[in-house]
Amino acid sequence: MMSVFQGKSFLKEIDFTKDELLYLIEFAAHLKELKKQNIPHKYLTGKNIALLFEKTSTRTRAAFTTAAIDLGAHPEYLGKNDIQLGKKESVEDTAKVLGSMFDGIEYRGFSQIAVEGLAEHSGVPVWNGLTDAWHPTQMLADFLTIKEHFGKLEGLTLAYVGDGRNNVANSLLVTSAILGINISIVTPEELFPKQELITLAKEYAFESKSKVLVTADTDEGVKQADIIYTDVWVSMGEEAAFKERIDLLLPYQVNQKLMAKTEKNETIFLHCLPAFHDLETQVAEEIKEKYGLSEMEVTDEVFRSENALQFQQAENRMHTIKAVMAATLGNLFIPKV
Ligand code: CP
Ligand code: NVA
């Protein structure tokens, strides 16, 4: 029997049901256990995997590479300066060529239309490693981390505090609602998510009996939070917006004062990373010089606190990406979904 995942692309969360997303999270937990016990799990022996990166990456690239190798596949990195895509060759033509040589394609870039086009024309599973619209593989790692910590997902409340209309915020909004986690997007009005996304999330939340809150009020937004999540204030490709974002988002910095606003006593902190929490990067140094800020979306104190699980979350990128590749490209027996 072919599973529902076989041959399917992983382009955005809303292409999957709650049960399917939960299956991938559970399967990732299983693969993590196999990896820890050194038990081989080569579901993709002999497969070739293309890793297309128009934007930079540490975690996603490292996760796809190591996951592919653990699964017995061969990953090949094709960076933006290595191939013709977008400059000299269309998405359609590139997809046809890559699909004739590779068994699966990861794409990180700007356009959701491009990743959808690769899936349409390549004839092989395509996995979205982040676009301007969505970051779906990140979601699996995030909710695996939450499940590991709390032992459950349903009924928890996640407050995302920061740029409310970037890829990570969009993905958290819909994925939480699908999975039955209450979601608060806490952000200034100028950065509210698109109305159509809020409406969509509310439809999912109605089904899963969870709540959606979009608010500019930090007190209201984080009050019930079991998880406080943030991301950079300026996403890749938006670097010109630093000044404007700092002005808008400084009151939304995740610091101890904000963490203390929650009524829960076990609130954890998550961040998809990379994070600006100190002055140990070139960009952070430049921001300090220009605007006098030494921490941005999260303070070093919160980042280094006991409840900050961002590195567990980062490791989980590998196990969850492995689950996505194995489920969509491997010949697995998946009884439930
Ligand atoms: N979280 C994440 O996608 O990290 P990278 O940009 O390093 O891949
Ligand atoms: N919103 C960030 C996420 C990085 C993983 C960006 O797009 O740059």
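All ligand and atom numbering here is 1-based and tracks the order in the structure.
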Ligand 2 contacted by Leu273 (non-hydrogen, < 4.0 Å) =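 Within the 4.0 Å threshold, so yes.
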query = In ligand 2, which numbered atoms sit nearer than 4.0 Å to a non-hydrogen atom of Ser235?
reply =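 It comes down to these atoms of ligand 2: 1 (N), 2 (C), 6 (C), 7 (O), 8 (O).
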request  = Within a distance under 4.0 Å of any heavy atom of Asn166, pick out the atoms of ligand 2 and give their elements.
outcome  =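 Near Asn166, meaning under 4.0 Å from one of its heavy atoms, ligand 2 has 1 (N).
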Shortest protein contact, [atom] (heavy atom only):
| atom | answer |
| --- | --- |
| atom 3 (C) of ligand 2 | Asp231 OD2, 3.6 Å |
| atom 2 (C) of ligand 1 | Arg317 NH1, 3.2 Å |
| atom 8 (O) of ligand 2 | Met236 N, 2.8 Å |
| atom 7 (O) of ligand 2 | Asn167 ND2, 2.9 Å |

query = Heavy-atom contacts under 4.0 Å between Leu273 and ligand 1: side chain, backbone, both, or neither?
reply =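 Leu273 to ligand 1: backbone contact only, side chain stays beyond 4.0 Å.
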Would you say [atom1] of [X] has more than 12 non-hydrogen atoms from neighbouring residues, nucleotides or ligands within 6.0 angstrom?
| X | atom1 | answer |
| --- | --- | --- |
| Lys18 | NZ | yes |
| Glu263 | CD | yes |
| Gln256 | CD | yes |

query = Mind checking whether Phe303 and Phe311 have parallel, tilted or perpendicular rings, split at 30° and 60°?
reply =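 Ring orientation, 0 to 90° scale: perpendicular.
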N/O to N/O below 3.5 Å, does that happen between [X] and ligand 1?
| X | answer |
| --- | --- |
| Pro274 | no |
| Met236 | no |
| Thr60 | yes |

ask   = Just by distance, with hydrogens left out, do Glu220 and Thr215 show a side-chain donor and acceptor under 3.5 Å apart?
value =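 Indeed, the side chains of Glu220 and Thr215 share at least one donor-acceptor pair under 3.5 Å.
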ask   = Where do Val161 and Val222 land on the side chain to side chain contact (heavy atoms under 4.5 Å, CB included) test, with the steps shown first?
value = CA-CA 8 Å; Val161 187; Val222 306; 3.9 Å; yes
message = One residue to check: Leu130. Relative to ligand 2, which of side chain, backbone, both or neither has a non-hydrogen atom less than 4.0 Å away?
response =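 For Leu130, only side-chain atoms sit under 4.0 Å from ligand 2.
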query = Under 6.0 Å from the six-membered ring centre of Tyr43 and within 45° of its axis: does the NZ or CZ of Lys322 meet both?
reply =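 No, cation not above the ring by the 6.0 Å, 45° rule.
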request  = Measure from atom 6 (O) of ligand 1 to every heavy atom in His135, Arg61, Arg108, Arg59 and give the option owning the shortest one.
outcome  =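 The nearest heavy atom belongs to Arg108.
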query = Hey, is Asp15 close enough to Lys12 for a salt bridge, meaning N to O under 4.0 Å?
reply =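 Counted as a salt bridge, because a side-chain N and a carboxylate O are separated by less than 4.0 Å.
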query = Under 4.5 Å between side-chain heavy atoms, hopping through other hydrophobics if needed: is there a path connecting Phe192 to Val168?
reply =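 As far as the 4.5 Å side-chain criterion goes, Val168 and Phe192 are connected within one cluster.
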message = Any nitrogen or oxygen of Arg108 lying under 3.5 Å from a nitrogen or oxygen in ligand 2? Just yes or no.
response =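 Among all N and O atoms of Arg108, none is under 3.5 Å from an N or O of ligand 2.
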